[in-house]
2 protein chains.
Amino acid sequence: MDDMISRRKVEIFKALAHPVRLRISEELLRREMCVCDITELFSFDRTTISKHLAVLKSAGVIKDRKEGLFVFYSLDLKCLGMMMGCINNSIENELRDHLSSLELGKA
Amino acid sequence: MDDMISRRKVEIFKALAHPVRLRISEELLRREMCVCDITELFSFDRTTISKHLAVLKSAGVIKDRKEGLFVFYSLDLKCLGMMMGCINNSIENELRDHLSSLELGKA
DNA sequence: CTCCAATGTGGCTATATTGCCACATGGGGA
DNA sequence: TCCCCATGTGGCAATATAGCCACATTGGAG
């Protein structure tokens, strides 16, 4: 049972641990999109994107909604906005520190 | 530059996307530990753990501190506590919903 | 009903990741 | 100094993942 929760957590991180899937998730943070829209963000094959969406959905990061021929994806993992905000902050701080230490080195 | 930030983010998620590395990170959330302590949490080879630690460190999730023969690891990614709290919540809700829908199905 | 457009799936190859072994390194004690 | 202990690294074999192609499915237009 605990093991099951652990596996679900790993699944979420795995889903986000790919540039294409992370980018998709970040876009869906802002708006719902159909597969056709998402596909246009990348130069990969349509079926490749489709598989990435399946991974994100199965991890519970995103969910889908069918409307005629189209499938619309939107965020399902409520935490994601907060997580990305915090991580972006960390990375910006890290880069700022790194840059300022370079500045000091020059002086 | 934006691309660099994106790569860093993916690196963080990749680092957390493995049961051993996630477990290590969660333990370090509670206390600093030496490699010897961390190794004892698992039945994997010592060198396997060492490599997982290197992955986490290079992603900026954890940092190390040497003291004599020992190397102590501790958390470096400030967000992690909040992230894990939120994800644990999501998963618990998901499981609760799943269970209660099973209950309804029985009735 | 027929055809086409949007999407998903099976399966193959290329690449990346994992875990173990053998070995390297570096500090502390005798 | 010599040796041992805690830790890290190179590299190999097994496994997992990514991306593309061919094909399946499904719903709307005509």
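- The separation between B/Asp64 atom CG and D/dG8 atom C1' is 11 Å, rounded to whole Å.
- Ion pairing between a basic and an acidic side chain is recognised when a charged N comes within 4.0 Å of a carboxylate O; A/Glu92 and A/Arg96 show no such pairing.
- Summarising the geometry, the separation between CD1 on B/Ile49 and C1' on D/dA6 is reported as 15 Å, rounded to the nearest angstrom.
- Side-chain atoms of B/Arg21 come within 3.5 Å of backbone atoms of B/Lys14 as a donor-acceptor pair (strictly under, hydrogens ignored).
- A cation-pi contact links B/Arg23 to B/Phe42, judged by a cut-off of 6.0 Å to the six-membered ring centre and 45° from its axis.
- For the side-chain contact (heavy atoms from CB on, under 4.5 Å) test, residues two or more places apart in sequence or in another chain that qualify with B/Lys63 are B/Ser74, B/Asp76.
- In terms of modelled atom types and a separation under 3.5 Å, the side chain of A/Asn88 and the main chain of A/Met84 share a donor-acceptor contact.
- Using a 4.0 Å heavy-atom distance criterion, A/Phe72 is classed as making no nucleic acid contact.
- One atom, NZ of B/Lys66, and another, P of D/dT7, lie 10 Å apart when rounded to the nearest Å.
- Spacing between atom NZ of A/Lys51 and atom P of C/dG11 amounts to 10 Å, rounded to whole angstrom units.
- Atom NZ of B/Lys57 is separated from atom P of D/dG8 by 8 Å (rounded to the nearest Å).
- Remark: side-chain polar atoms of B/Ser50 are not paired, donor with acceptor, to backbone N or O of B/Arg46 under 3.5 angstrom.
- Through side-chain heavy atoms spaced under 4.5 Å, either directly or across other Ile, Leu, Val, Met, Phe, Trp or Tyr residues, A/Met82 is tied to B/Met82.
- Taking atom CZ of A/Arg65 as the reference point, atom C1' of C/dG8 lies 18 Å away to the nearest angstrom.
- Residues satisfying the side-chain contact (heavy atoms from CB on, under 4.5 Å) test with B/Thr48, not counting sequence neighbours, are B/Phe44, B/Asp45, B/His52.
- The other residues sharing a hydrophobic cluster with A/Leu69 are A/Phe70, A/Phe72, where clustering joins ILVMFWY side chains under 4.5 Å apart.
- Between the CZ atom of B/Phe44 and the P atom of D/dT15 there is a distance of 14 Å, given to the nearest Å.
- Contact check of residues 3-42 of chain B against DNA chain D (heavy atom, cut-off under 4.0 Å) returns B/Cys34, B/Val35, B/Cys36.
- Between A/Thr48 and D/dG19 there is no side-chain polar atom (N or O) within less than 4.0 angstrom of OP1 or OP2.
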Strictly under 4.0 angstrom, non-hydrogen atoms only: write out the protein contact profile of nucleotides 22-30 of chain C, one letter per nucleotide from the 5' end, B, S or -.
B---BBS--
